[in-house]
Amino acid sequence: MKTALITGINGMDGSHLADFLLEKNYKVYGVERRSSTKNRTNTKHLEDKIIFLQGDLTDQNSLLRCLKESNPDEVYNLAAQSFVGESWNTPEHTSEVTGLGVLRMLEAIREFNPKIKFYQASSSEMFGRMVENPANEDTPFYPRSPYGVSKLYGHWITKNYRESYNMFACSGILFNHESERRGIEFVTRKISDGVAKIKLGIKDHISLGNLDSKRDWGYAPDYVEAMWLMLQQDTPNDFVIATGNTYSIKDFLNAAFNHVGISEWESYIKQDPRFMRPAEVDVLRGDYSQAKAILGWEPKTTFQELVTKMVNNDLKLLQNA
């Protein structure tokens, strides 16, 4: 039986990855930060199936302790200050967690057992103002937010440790991926939750920022499989994980509202300057051909299926509240 340690266990990706690894008969340890009230909304169903450890990417000793307690074969670093918009408000904190946190975990692994396989959650936000469309593993980076810059540090330090210390360390450059477990502050969940509330008569509008930005949206459970596949290879490498298709925020709104039978939805949307980014990323689209060729990975869930799943889940949550 293999053992995995997952940081960011209570997040969307962490909880889906834990589900996936348990099906593969892994022993799973999840790292969560110490807090007075634990947020286990996404992991409540896992409380008797995995072991929770307390650790923080800003504290290397705590990471080393988590490694000693779990003695993992694989480490998946999914923890981050992951909200792009917030990174302008807290750029130093974002850099500490999302950037330097990767270095601390790599150093802890190097000290404890450099044979551990390491996965770093890189991000399409590193491409930012896309130099090539679609972007692949060789496309130059051009991040447009403190979050994107921090992710780029994490990406390069992972590559540096791989080459400097011969560690099995790789990065998945994941494009936008969502699920029913996405946090409410993210635009996709804000839309699915808002549409459900409008349909049920609880709310009369959704406040959003730029409606024209385009993203390559996939389904998180599909993407955690790609993370696992990367660590099953004989040699470490970095992979773009994407669908190759782009849709705008307007497209997401159109799909969500149409699903609940509302075709004329424009009057339900209010654009709020507070949600506009200082430097906008207009479009992100990925080329996953290397992942298809080497990992045998392809996305399984369509954009429409993703939106439908999210809206149906929020309708169910509200109706059962």
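- Atom CD of E137 sits about 11.5 Å away from atom OG of S171, to the nearest 0.5 Å.
- In this structure, Y153 is a member of the same hydrophobic cluster as Y165, with clusters built from ILVMFWY side-chain heavy atoms closer than 4.5 Å.
- M167 and F239 fall into different hydrophobic clusters, where Ile, Leu, Val, Met, Phe, Trp and Tyr residues are linked whenever their side-chain heavy atoms come under 4.5 Å apart, directly or through other members.
- Side-chain contact check for H45 and D19: at least one donor-acceptor pair (N or O, by modelled atom type) lies under 3.5 Å.
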| said: Run K190 and I206 through side-chain contact (heavy atoms from CB on, under 4.5 Å) and show every step you take. | reply: CA-CA 8 Å; K190 189 184 291 187; I206 307 171; 4.3 Å; yes
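- Applying the salt bridge (charged side-chain N to carboxylate O under 4.0 Å, His left out) rule to E298 yields the partners K292; only residues at least two apart in sequence or on another chain are considered.
- Side-chain contact between Y147 and T98 is present, with heavy atoms from C-beta onward closer than 4.5 Å.
- Rounding to the nearest 0.5 Å places CG of L315 at 11.5 Å from NZ of K197.
- Of the possible donor and acceptor atoms, none in the side chain of N160 sits under 3.5 Å from a partner among the backbone N and O of W156.
- Remark: the E86 side chain and the T90 side chain contain an N/O donor-acceptor pair separated by less than 3.5 Å.
- Shown here are the salt bridge (charged side-chain N to carboxylate O under 4.0 Å, His left out) partners of E96, two or more places apart in sequence or in another chain: R104.
- The number of heavy atoms from other shown groups lying within 6.0 Å of CG (N237) is above 12.
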| side-chain contact (heavy atoms from CB on, under 4.5 Å) assessment of V260 paired with V311 | CA-CA 8 Å; V260 297; V311 173; 3.8 Å; yes
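- Take K316 and apply the salt bridge (charged side-chain N to carboxylate O under 4.0 Å, His left out) test, not counting sequence neighbours, and it matches no residue.
- By the 30° and 60° cut-offs, the orientation of the rings of F303 relative to F252 is perpendicular.
- Checking side-chain atoms of Q233 against main-chain N and O of M230 turns up no donor-acceptor pair under 3.5 Å.
- Take Y29 and apply the ring-ring contact (aromatic ring centres under 6.0 Å, His included) test, not counting sequence neighbours, and it matches no residue.
- Summarising the local packing, CD of E266 is surrounded by more than 12 heavy atoms from other residues, nucleotides or ligands at distances under 6.0 Å.
- For F20, the CZ atom is densely surrounded, since the number of other residues' heavy atoms within 6.0 Å is greater than 12.
- A salt bridge is absent between R34 and D56; no separation between the charged side-chain nitrogens and carboxylate oxygens falls under 4.0 Å.
- Residue Q232 places its CD atom among more than 12 non-hydrogen atoms of other residues, nucleotides or ligands, all under 6.0 Å distant.
- Residues Y26 and L22 fall within the same hydrophobic cluster, defined by Ile, Leu, Val, Met, Phe, Trp and Tyr side chains chained together at heavy-atom separations under 4.5 Å.
- In this structure, the side chains of F112 and K68 come closer than 4.5 Å at one or more pairs of heavy atoms.
- Counting only heavy atoms from C-beta outward, the side chains of I262 and Y268 approach each other to under 4.5 Å.
- Minimum heavy-atom separation, G183 to R189: O-CB, 3.3 Å.
- Side-chain contact, Y161 with E107: a donor N or O sits under 3.5 Å from an acceptor N or O.
- Put simply, the side chain of T43 never gets that close to the backbone of L46: no donor and acceptor are under 3.5 Å apart.
- Within the 3.5 Å criterion, the main-chain N or O of G244 finds a donor-acceptor partner in the side chain of R285.
- No close placement of the W228 and Y223 rings is indicated, their centers lying 6.0 Å or farther apart.
- Under a 3.5 Å cut-off, the side chain of T7 and the backbone N or O of L78 do form a donor-acceptor pair.
- Once rounded to the nearest 0.5 Å, the distance linking CG of L67 with CD1 of I116 reads 5.0 Å.
- Ring geometry for W265 against F257 counts as parallel: the plane angle stays under 30°, on a 0 to 90° scale with 60° as the upper cut.
- Atom NZ of K2 sits in a crowded spot, with more than 12 heavy atoms from other residues, nucleotides or ligands closer than 6.0 Å.
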| request: Would you sort out whether D314 and R182 count as a salt bridge (charged side-chain N to carboxylate O under 4.0 Å, His left out), showing the intermediate values? | output: CA-CA 11 Å; D314 279 317; R182 175 55 90 186; over 6 Å; no
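- Listed for the D212 side chain is no donor-acceptor partner under 3.5 Å among the backbone atoms of I249.
- Using a 4.5 Å cut-off on side-chain heavy atoms (C-beta onward), I51 and E69 make no contact.
- Shortest non-hydrogen contact noted between M126 and F141 is O-CB, 3.3 Å.
- Looking at heavy atoms from C-beta onward, E178 lies out of side-chain contact with Y219 at the 4.5 angstrom threshold.
- Within the structure, salt bridge (charged side-chain N to carboxylate O under 4.0 Å, His left out) pairs that include any residue of residues 154-164 comprise K159-D238, R162-D238 (at least two apart or interchain).
- Between Q319 and L200 the shortest side-chain heavy-atom distance falls below 4.5 Å.
- Across all their heavy atoms, D216 and G286 have their closest contact at OD2-N, 3.0 Å.
- A distance-only check finds a donor-acceptor pair linking the side chain of H177 to the backbone of F175 [under 3.5 Å].
- Residues passing the salt bridge (charged side-chain N to carboxylate O under 4.0 Å, His left out) test with E47 are R40, sequence neighbours excluded.
- Rounding to the nearest 0.5 Å gives a distance of 7.5 Å between CG of L106 and CD of Q120.
- Residues A220 and S179 share a closest heavy-atom pair of CB-CB, 4.0 Å.
- Each of L152 and V102 belongs to its own hydrophobic cluster when Ile, Leu, Val, Met, Phe, Trp and Tyr are linked at side-chain heavy-atom distances under 4.5 angstrom.
- A pairwise comparison of heavy atoms in R144 and W88 identifies O-CZ2, 3.2 Å as the closest pair.
- In terms of modelled atom types and a separation under 3.5 Å, the side chain of K214 and the main chain of Y247 share no donor-acceptor contact.
- The nearest pair of heavy atoms linking N210 to Q271 is CA-NE2, 4.1 Å.
- The aromatic ring centroids of W297 and Y288 lie less than 6.0 Å from each other.
- Of the possible donor and acceptor atoms, one in the side chain of K151 sits under 3.5 Å from a partner among the backbone N and O of A121.
- Atoms OG1 and CG, on T243 and D287 in that order, are 11.0 Å from each other to the nearest 0.5 Å.
- V97 places a side-chain heavy atom less than 4.5 Å from the side chain of T58.
- Considering only heavy atoms from C-beta on, L174 stays 4.5 Å or farther from V240 through its side chain.
- With hydrophobic clusters built from ILVMFWY side chains whose heavy atoms lie under 4.5 angstrom apart, L17 does not share a cluster with M105.
- For the side chain to side chain contact (heavy atoms under 4.5 Å, CB included) with F168, the lone residue among I109, T235, L231, D234 that qualifies is L231.
- Taking CD from E74 and CD1 from I6, the interatomic distance works out to 9.5 Å, rounded to the nearest 0.5 Å.
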